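First the structure, in the form of structure tokens, and then the observations on it.
Excluded from the calculations below are hydrogen atoms, water molecules and symmetry mates; all remaining heavy atoms, backbone and side chain alike, are included. Given the structure is predicted, the values throughout are model-derived calculations rather than measurements.
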Amino acid sequence: PFGSAPAQRPRRSADAACLRNADFCSRMRWHYAILAAMAPACEATATPAVLMACTGATDVTKCLTSAQYDAIVAAVRGQLESLSATCTASDCPQADWAGCVLRMAGHDFMDFANGQGGSDACTDMEDPENAGLPECLASGEHGKSLQEVYNQYCLDVSLADFLVIAAEAVIASTRARYEDASPGAPHLDLRAAFKFGRQTASSCDFAVGRLPNPERGCDAVDETFVQRMGLDWTQAAALMGVHTLGRAKVANSGYHGWWSDPENSRRFNNNYYISLVAKGWTVERAISGNVNKNQWERSDTGRDTSVDGHEMMLNTDMCLAFSEMEGPRGPGGTPVLAHEHQCCGWVTSDRISAAISSNGGVYCGGRAGGRLGDERDRCCGNENNDCGDPRNPNGPAAAAVLSFANDESAWVTSFAAAWKIATENGHGALRSLGECGTSSTSSGSTGDTSGGAEVVTSTTGSSSTVAEALGTSTTDLSSTATISAWGLIVGLANFF
């Protein structure tokens, strides 16, 4: 739920490298046996650290001041805010980029379990659930990537810390856009609670299969957010508010549509919850013909019927608020699932008067009021079966959803608490900004990451030199083992 074909892992055979520098390799071909033994096939799992390779990058931030945090935030905001502010159903670059960065942060911390994983900058980019993430990380989403900023700070700031800061920068930018247009809106300050010291993980095979499957609805929410990450249902619902940014694309996740209207999808606000309860939703099955991808589509009189303007919710969204009246889980019923239930999720206007007011008075595409049947017709069209009682929705987080829709301050407070837990899980020795003691602010490297200059010593320096000789980069060499092997080969070549 935090959603371009799957990223292809970097591959470079020794022979392909030789084709780019025949003179270098002609003197060294006999050393390839050593390379093959130490780094078979030159392959490495495509993680963020591989995609965003930085020579001499530190894996743990030794010191981070408020000024340094602010500089990173400003640089990331600069990337986002340099994109076109035009936002239509077919083209909204800022929403796409912001959504991608937050999705990366979410997929990073959602693999936490039993003290392992969390915000450690390690996800398997070959997992189909991570499709689309390499664009905003490295290859360029609308021509902009986080790597452009990370390369300026990678010697001192771990990628694990950087990805959290980048997400907070995106939240700060999109929240400021909303606050500027909404006088009196509650301020969200994540900077005050930020702590540094997360260690970047080089591998995370344990994370396979840990991302929540939206098809499982609230079973997945309970397993991932409540049981593993330690949130309560109110905090879990608050964290899902990140869906107010961006949209789902079939090429990335298999799902299709906006969680809200395009303009609100580039503003970090509580519109996600308003959309859940002030619009009507009916099942939409087999997205793009895939029977394993089912969602909910907007059903009320205000829906956009165009392909580009399609609005949707996932099972993991709808189940928070809506349950069928009867089910195997007792009187509370069963949280709704698009592939199992045929019903309309909607809430009577009297339960969400403040949310409707915040929505410009719009309720299910029109104005609130009238008989119960009139409101159902406006919200649900031809679907006469309600998902539970519209006067008293009873999903496991229904009270929180209603609260957040009616009172943005309640959501901002809960979100800040949930974000802190989510991004700190798995890291026990974090420090507040400026708590640096006598630790060095450097990772021990002496130089910068630009050009082809050798910036570190020992093995990493050798990898940089080899990269220059081959006319490639350390990213192309793919893995630490491969780079170390090249370093050894260069040493042997020089010796002989």
Side-chain angles (χ1 to χ4, degrees), residues 1-3 80 85 87-89 92 94-99 102-103 106 170-188 234 237-248 257-281 295-300 302-304 309-314 316-318 320-322 345-347 349 351-366 368 379 393 397-398 400-416 418-419:
F2 267 81
L80 172 61
C87 190
T88 65
C92 192
Q94 291 186 355
D96 291 340
W97 203 83
L102 274 185
R103 184 168 167 244
V170 162
I171 291 172
S173 175
T174 53
R175 182 65 186 174
R177 182 178 298 116
Y178 172 70
E179 290 179 11
D180 289 345
S182 307
H187 181 60
L188 174 60
T234 295
L239 202 59
M240 295 291 278
V242 297
H243 279 166
T244 197
L245 295 179
R247 54 178 158 172
W258 305 89
W259 278 273
S260 184
D261 62 275
E263 181 56 39
N264 271 300
S265 295
R266 69 187 192 104
R267 298 183 179 190
F268 196 70
N269 57 20
N270 68 333
N271 194 262
Y272 163 76
Y273 306 99
I274 294 174
S275 288
L276 263 175
V277 299
K279 298 173 183 177
W281 304 96
Q295 61 186 34
W296 300 75
E297 64 179 338
R298 187 174 174 182
S299 58
D300 63 67
R303 68 186 181 277
D304 187 333
H310 194 65
E311 292 182 46
M312 64 90 219
M313 291 285 170
L314 303 175
T316 39
D317 302 308
M318 288 290 291
L320 297 173
F322 301 103
W346 69 290
V347 177
S349 63
R351 295 298 310 276
I352 53 172
S353 56
I356 294 171
S357 178
S358 297
N359 200 38
V362 179
Y363 168 73
C364 285
C379 294
V401 170
L402 291 172
S403 173
F404 298 159
N406 284 314
D407 180 6
E408 191 177 42
S409 294
W411 170 62
V412 166
T413 299
S414 292
F415 177 82
W419 180 261

Are F404 and M240 packed together at the side-chain level, in the sense that at least one heavy-atom pair is separated by less than 4.5 angstrom? no

Could you name each residue pair satisfying salt bridge (charged side-chain N to carboxylate O under 4.0 Å, His left out) that touches residues 354-365, not counting sequence neighbours? none

Rounded to the nearest 0.5 Å, what separation is found between the CG atom of N406 and the CD1 atom of I356? 8.5 Å

If we ignore hydrogens and angles and just use 3.5 Å, is the side chain of D300 paired with the main-chain N or O of K279 as donor and acceptor? no

Would you say the side chain of T174 lies within less than 4.5 Å of the side chain of L80, judging by non-hydrogen atoms? yes

So if I apply the ring-ring contact (aromatic ring centres under 6.0 Å, His included) rule between F268 and each of W419, F415, Y178, which one comes out positive? F415

Checking R267 now: which residues fulfil salt bridge (charged side-chain N to carboxylate O under 4.0 Å, His left out) with it, not counting sequence neighbours? E263

Close side-chain approach of W259 and L314, heavy atoms under 4.5 Å: yes

Does the side chain of N269 come under 3.5 Å of the side chain of T244 through a donor N or O and an acceptor N or O? yes

Enter the distance from N271:CG to H243:NE2 here, rounded to the nearest 0.5 Å. 14.0 Å

How long is the gap from SG on C379 to CZ on R298, to the nearest 0.5 Å? 9.5 Å

Between R266 and R177, the two heavy atoms sitting closest are O-NH1, 2.5 Å

Tell me the closest heavy-atom pair linking Q295 and M313, and the distance in Å. CB-O, 3.5 Å

How far does NE2 of H310 sit from CD of E297, to the nearest 0.5 angstrom? 5.0 Å

Indicate the atoms forming the closest heavy-atom contact of T234 with S414, along with that distance. CG2-OG, 3.9 Å

If you look only at pairs with a residue in residues 351-363, which of them pass as a side chain to side chain donor-acceptor pair (under 3.5 Å), with sequence neighbours excluded? Y363-E375

Measure the spacing between OG1 of T88 and CG of D261 and express it to the nearest 0.5 Å. 12.0 Å

So which heavy atom on G257 is nearest to which on R247, and how close? O-CB, 3.3 Å

Looking at every heavy atom in both Y272 and L320, which two are closest together, and how far apart are they? OH-CD1, 3.9 Å

How long is the gap from CG on L402 to CG on D407, to the nearest 0.5 Å? 12.0 Å

So, for A95 and S265, which heavy atoms are closest and what is the spacing to 0.1 Å? CB-O, 3.2 Å

Closer than 3.5 angstrom, by distance alone: can the side chain of W411 be matched with the main-chain N or O of A238 as a donor-acceptor pair? yes

Would you confirm whether W281, through its side chain, and S275, through its main-chain N or O, come within 3.5 Å as a donor-acceptor pair? yes

Tell me if a side-chain donor or acceptor on R175 pairs with a main-chain N or O of A172 at a distance below 3.5 Å. no

